[in-house]
Amino acid sequence: MHRVLNVAEKNDAAKSLARLLSKNSASMREGFSRFNKIYEFNYQLFNQPAQMIFTSVSGHIMNSDFTAAHNSWAQVDPVVLFDAPVQKKITDRAADIEKTIKREIIKCQTLIIWTDCDREGENIGYEIINLCRPLKTGLKIYRARFSEITYDSAVRALLNLIQPDERISAAVDVRQELDLRIGAAFTRFQTLRLQRLFGFDSKQIISYGSCQFPTLGFIVERYLQRENFIREPFWKIIVEHQIENNQFCEFTWERNRLFEHQPCLMIYDMIMDEPLAKVIDIKSKNKSKWRPTALDTVEMEKLASRKLRMTGKKTMDIAEKLYMKGLISYPRTETNIFPSEINLHPLIQNQINDQRWGAFAQRVLNDGPRPRNGKNTDKAHPPIHPIRYPDGQLTDEENKLYELIVRHFLACVSKDAQGDETIIKINISNEIFHASGLIIRERNYLDVYIYDKWSEKELPHYELNQTFYPTKIEMIQGETSPPQLLTEADLIALMEKHGIGTDATHAEHIAKIQERLYTKMNSDRRFEPEKLGLGLCEGYDKMGHALSKPHLRSELENQLKAICEGRANPADVLREQIDKYRQVFIVTAAQIQKLDDAMTKYFGPPGQNPPPPPPPRPPPSGPFGDRTNRNQPPSERTNSLNRPLQVSRNNNNNQSARPQQLNRPARPLQQEQIRPTNNNNVPKCNCNVDAKELTVKKDGPNKGRSFFRCGNNDNCNFFAWKDNTTSTSTYVGNNQRQYGDNQPNTTRQRRQSDNDEDGKQRKCGLCKQTGHTRRNCPSLNL
DNA sequence: GCAAGGTC
């Protein structure tokens, strides 16, 4: 009989495929590897009966390495590693698998490759082919292409067998060889040098890898952004309305905030002249809060990190255990679309007896499950979902992750939450403020998905065109705050965005750079670089090769894609990349002093052993504590600059009466206000007396900076930085500020941060709208 | 002793 050897990427896939195609009649026997069984059944293939033999590998069975001649770190110049011979060998772990395949192929006339239909899968396929082909002349070789492991897919694959794609496999060979050569050369070079000069332990490897270094680079970059952040003051106006029956409404300024004190004060002053508010718009609309999309690996890692405080590595380890126990589907998947073939009902049915979510599962069954799908598929695995309900004890951590997966799954197949949102806009002296409220109508998925919050906010009743006097109108000052250090979820998202690593390896790279002592997770579960990580990044950055940046890897990724699509020749790409990196290596070695200098900064001069501790780094903090960056949602903490201006209502219908104004600020003097009025450059305040010069005493970037306030016992709200008052004054504060062109440094900082990498249009410095600059900002035409 | 990629 025609015998066909079918080889899948892992035992689980071989088992499922055999079970599906045989309609549960496949027999099982042992191979040499206790993890990779052999499944057999008869099948009608190519219109003739065939004996199908299914077995598997466990991912790659081969590994690339240098030959023994280049193994010595001490005797081989690392630059030689760019050209030294590299050989692929069956790994020790795969020796048993190799024996099984070699024994089985002898009996067969046909080989069908069932590895995952991705780039690595194609390469693993060739590892199998190269093992089998020499053993059997005339062996027919096919590739089964399938998008998921279901009966229909498997049958379709057998009816449409194709040839394996050599180009895809070649792309992986290029990646492997480059990773090895570059990683080994730089790792040996920097490890030996830094051990010798800075006294690192001979066991401490200071590795370089094309994924681990950009990962470290993300952490260092964010850390430095935070260290170098210059806080900017801003001003905003808030409006409150307290109604008699204890109802209260706070209105937000449509301009959000201004980064200049004077325009804000001018607007505030105008508002205070005519503080009558008029309701100009009331909009109510349905609002949905979407249920989560089907769960893929990256999302699971991010969620577990955020909600369960579990590291990516831990998450994957536990997921692996749950998978091995048959509780969840395969945990390494890029797919967030449930294939139409998958029957969700029994999967939901499994959960209906659980105390915590059983009732919800029943509700989903009654309503009919409707998964919310994402947009990705790896054509190999379904989204992560529960397979069965645990019958034994799970550890605490297993329980937590299983719960997350079940709740996510049930949420995904249920319904979006529904609410009614109301937005009320008011106009006060042509300035617009708004308030929004929310009433949740149907919680739906929120009932099971305890990780999402949607808070209700009730608004008082307002009528269109109604007028009222706010009970409080206040101008307050706040300050921008530096971006936060990266969480693991942030880091994984960045890696994914820049194509660093794969869904299966993100967590490993993050674990690796901690093991290497380049970075650590602090008590807030955020990553901060260690001095070794800082020194490495700084040293290499000074050389200008961007080795700690993601671009090199992204660029390689593009070339690999070109190889896969036949647009590039693998040998050309390999040669070009090796030449490029050899050159980078040579230049790096030539200017290695730059790395030494950076390391010296953190570990003291070479030759000292053990290295001295680095100077202490004070954590960035300011008078307003940690807050979001100003590009992030405005949850800023503020302090009151002007005395709260209480506007009291003195009649009952919220209308007509003019508020009693207390402590009303004097009208600003506009430009005159900041004109120096004597030889000492002391301006007049709004009371027309010499302003009082003060110095910022609070810790923060403005500490030590001089400013002017009202010289008349704080009677007015005058404020000006001393270094903004004259064209000749030069301010040199702490080392974060140094400028002599009379441009407030804050402006420069803002430009940098506004010029974001997505190339969005620059916003006006005053009102933060696009389409004009601060010079012709409409807010100045008051 | 080095990388990154599969997987158990």
Side-chain angles (χ1 to χ4, degrees), chain A residues 8-15 33-37 56-66 70-76 78 80-82 84 86 88 90-91 93-94 96-97 115-116 118-128 169 171-192 195 200-215 297 316-317 319-325 330-333 378 380-381 495 499-513 515-516 547 552-553 556-557 560 581 585:
Chain A
E9 190 160 319
K10 53 192 159 286
N11 180 64
D12 186 66
K15 183 177 168 184
S33 157
R34 65 190 179 97
F35 300 112
N36 305 82
K37 315 287 185 193
S56 57
V57 290
S58 289
H60 285 285
I61 54 173
M62 306 190 87
N63 194 28
S64 295
D65 212 343
F66 299 108
H70 291 92
N71 276 349
S72 166
W73 286 39
Q75 284 159 28
V76 176
V80 170
L81 298 178
F82 287 99
V86 165
K88 262 194 176 190
I90 303 272
T91 61
R93 271 185 42 250
D96 288 340
I97 294 170
T115 48
D116 293 355
D118 54 22
R119 216 159 66 189
E120 296 295 330
E122 209 64 17
N123 189 267
I124 293 166
Y126 270 89
E127 291 177 2
I128 300 161
S169 176
V172 173
D173 286 335
V174 169
R175 175 196 63 71
Q176 284 176 350
E177 194 175 323
L178 279 168
D179 283 341
L180 174 66
R181 292 189 188 281
I182 299 163
F186 278 92
T187 299
R188 290 187 193 182
F189 176 65
Q190 70 186 21
T191 299
L192 292 176
Q195 279 178 357
F200 292 110
D201 189 274
S202 64
K203 288 196 187 73
Q204 184 177 351
I205 293 164
I206 303 169
S207 59
Y208 175 87
S210 55
C211 288
Q212 47 179 274
F213 248 53
T215 306
T297 302
M316 293 310 290
D317 288 348
E320 184 67 41
K321 288 191 182 129
L322 293 173
Y323 168 67
M324 291 308 289
K325 290 180 180 178
Y330 189 64
R332 284 180 282 270
T333 174
D378 59 18
H381 313 284
M495 294 172 78
I500 304 300
T502 68
D503 56 324
T505 60
H506 290 146
E508 286 173 29
H509 298 310
I510 295 171
K512 176 74 83 183
I513 57 177
E515 183 193 320
R516 296 285 190 237
L547 285 172
L552 289 169
R553 183 76 192 185
L556 173 63
E557 198 59 33
L560 296 181
Y581 275 98
F585 182 87

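A, B, ... follow the sequence lines: proteins, then strands. Residue 1 opens every chain.
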Original post:
Base, sugar-phosphate alone, or nothing: which one does A:Arg93 contact when heavy atoms must sit under 4.0 Å apart?
Top reply: base

Original post:
Checking all strands, does A:Ser64 fall into the base, sugar-phosphate, or nothing category for heavy-atom contacts under 4.0 angstrom?
Top reply: base

Original post:
With the threshold set at 4.0 Å, does a side-chain nitrogen-carboxylate oxygen contact exist between A:Glu320 and A:Arg332?
Top reply: yes

**OP:** Mind checking A:Tyr208 for me? I need base, sugar-phosphate or nothing, with any heavy atom below 4.0 Å counting as a touch.
**Re:** sugar-phosphate

**OP:** Please tell me which of A:Glu177 and A:His60 maps to the more 5' nucleotide of DNA chain B, matching each residue to the nucleotide holding its nearest heavy atom.
**Re:** A:Glu177

Subject >> Side chains of A:Ile97 and A:Phe35 in contact at under 4.5 Å (non-hydrogen atoms) >> reply: no

Original post:
Which part of the nucleic acid, if any, lies within contact of A:Asn123, taking any heavy atom under 4.0 Å across all strands shown: a base, the sugar-phosphate backbone alone, or nothing?
Top reply: nothing

Original post:
So what does A:Phe213 hit on the nucleic acid, given a heavy-atom distance under 4.0 Å: a base, only sugar-phosphate, or nothing?
Top reply: nothing

**OP:** Give a yes or no on this: more than 12 heavy atoms of other residues, nucleotides or ligands lie within 6.0 Å of atom NZ of A:Lys15.
**Re:** no

Original post:
In terms of ring plane angle, is the pair A:Phe186 and A:Tyr208 parallel, tilted or perpendicular, where the classes change at 30° and 60°?
Top reply: tilted

**OP:** Using a 4.0 Å heavy-atom cut-off across all strands, classify A:Glu508 as base, sugar-phosphate, or nothing.
**Re:** base

**OP:** Using a heavy-atom cut-off of under 4.0 Å over every strand shown, decide if A:Gln176 touches base, sugar-phosphate, or nothing.
**Re:** base

Original post:
Checking all strands, does A:Gly501 fall into the base, sugar-phosphate, or nothing category for heavy-atom contacts under 4.0 angstrom?
Top reply: sugar-phosphate

Original post:
Within the structure shown, what part of the strands sits under 4.0 Å from A:Arg119 by heavy-atom distance: base, sugar-phosphate, or nothing?
Top reply: nothing

Original post:
So how far is it from A:His509 NE2 to A:Ile500 CD1, rounded to the nearest 0.5 Å?
Top reply: 8.5 Å

Original post:
Are A:Asp173 and A:Lys88 close enough for a salt bridge, meaning some N to O gap below 4.0 Å?
Top reply: yes

**OP:** Remember a base hit wins even if backbone is also touched, and classify A:Glu122 as base, sugar-phosphate or nothing at under 4.0 Å, heavy atoms.
**Re:** nothing

**OP:** Would you indicate what A:Thr187 reaches in the nucleic acid, counting non-hydrogen atoms under 4.0 angstrom: base, sugar-phosphate, or nothing?
**Re:** sugar-phosphate

Subject >> 5'-most by nearest nucleotide on DNA chain B - A:Leu180 or A:Ala504 >> reply: A:Leu180

Original post:
Under 4.0 angstrom, heavy atoms only, what part of the nucleic acid is A:Met62 near: base, sugar-phosphate, or nothing?
Top reply: base

Subject >> NZ/A:Lys321: more than 12 non-hydrogen atoms of other groups inside 6.0 Å >> reply: no

**OP:** Provide the start and end nucleotides, 5' to 3', of the part of DNA chain B that has atoms under 4.0 Å from heavy atoms of chain A.
**Re:** B:dG1 to B:dC8

